[in-house]
Amino acid sequence: MPFEDGPGAKDRPCLVLRVNGRTATVAKITSKHHAERPGVLPLPPGSVGDRQGRSSWLETDELREVPLGAFRRRAGEVDRQIWARAQRAVRS
């Protein structure tokens, strides 16, 4: 994903919300909590495949379109409760 504060990009986990032809609408997952931002959902520690079991947050307030070819690997599936919370947050 592109850096938010300058040129370049890095691999970042995200939740794919929907696929639109050759792109996917995603919500970014971060290890930094931004309490001031609306739509930031806490994820259970280790739910993003982090071997150290650190906490992560899903940022549903700023969705992005990512080309399908830009995805490097699939990390797994989100559980139903997190999926339902993410869907409600995106609709709000």
Side-chain angles (χ1 to χ4, degrees):
M1 300 201 62
F3 287 129
E4 295 171 351
D5 54 358
K10 69 176 182 176
D11 285 350
R12 170 181 298 285
C14 61
L15 176 62
V16 175
L17 299 166
R18 63 185 157 270
V19 175
N20 318 300
R22 294 182 177 181
T23 65
T25 303
V26 304
K28 148 175 115 166
I29 297 171
T30 182
S31 60
K32 295 180 182 173
H33 184 220
H34 299 281
E36 74 284 358
R37 293 179 63 177
V40 176
L41 304 176
L43 298 174
S47 64
V48 184
D50 177 33
R51 293 183 185 140
Q52 296 176 354
R54 293 176 288 195
S55 296
S56 296
W57 288 266
L58 180 67
E59 296 184 351
T60 64
D61 62 327
E62 187 179 308
L63 305 181
R64 298 172 184 253
E65 293 295 317
V66 177
L68 294 179
F71 288 92
R72 295 169 57 96
R73 67 181 175 87
R74 181 179 177 161
E77 294 184 16
V78 67
D79 74 33
R80 290 180 185 186
Q81 289 180 335
I82 294 171
W83 179 252
R85 288 175 50 217
Q87 290 297 308
R88 281 193 302 273
V90 169
R91 285 189 219 125
S92 300

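Side-chain atoms are counted along with the backbone in the values below, which use heavy atoms only and exclude waters and symmetry mates.
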Please tabulate, for the side chains in residues 67-75, all donor-acceptor contacts under 3.5 angstrom to protein atoms that are two or more places apart in sequence or on a different chain.
| unit_1 | atom_1 | unit_2 | atom_2 | d |
| --- | --- | --- | --- | --- |
| Arg72 | NE | Asp11 | OD1 | 3.4 |
| Arg72 | NE | Asp11 | OD2 | 2.8 |
| Arg74 | NH2 | Glu77 | OE2 | 3.3 |

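- One distance of note links NZ of Lys28 with CG of Leu15; it measures 14.0 Å at 0.5 Å rounding.
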Side-chain donor-acceptor distances from residues 17-26 under 3.5 Å, at least two apart:
| unit_1 | atom_1 | unit_2 | atom_2 | d |
| --- | --- | --- | --- | --- |
| Asn20 | ND2 | Thr25 | OG1 | 2.8 |
| Asn20 | ND2 | Glu65 | OE1 | 3.1 |
| Thr23 | OG1 | Asn20 | O | 3.3 |
| Thr23 | OG1 | Glu65 | OE1 | 3.1 |
| Thr25 | OG1 | Glu65 | OE1 | 3.4 |
| Thr25 | OG1 | Glu65 | OE2 | 2.4 |

When the side chains of residues 78-90 are checked against the rest of the protein, which donor-acceptor pairs come out under 3.5 Å, sequence neighbours left out?
| unit_1 | atom_1 | unit_2 | atom_2 | d |
| --- | --- | --- | --- | --- |
| Asp79 | OD1 | Gln81 | N | 3.1 |
| Asp79 | OD1 | Ile82 | N | 2.8 |
| Arg85 | NH2 | Pro42 | O | 3.4 |

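- Among residue pairs with one or both ends in residues 36-66, those qualifying as ring-ring contact (aromatic ring centres under 6.0 Å, His included) are His33-Trp57; sequence neighbours excluded.
- Remark: His34 engages no residue in a ring pair (Phe, Tyr, Trp, His ring centres under 6.0 Å) (not counting sequence neighbours).
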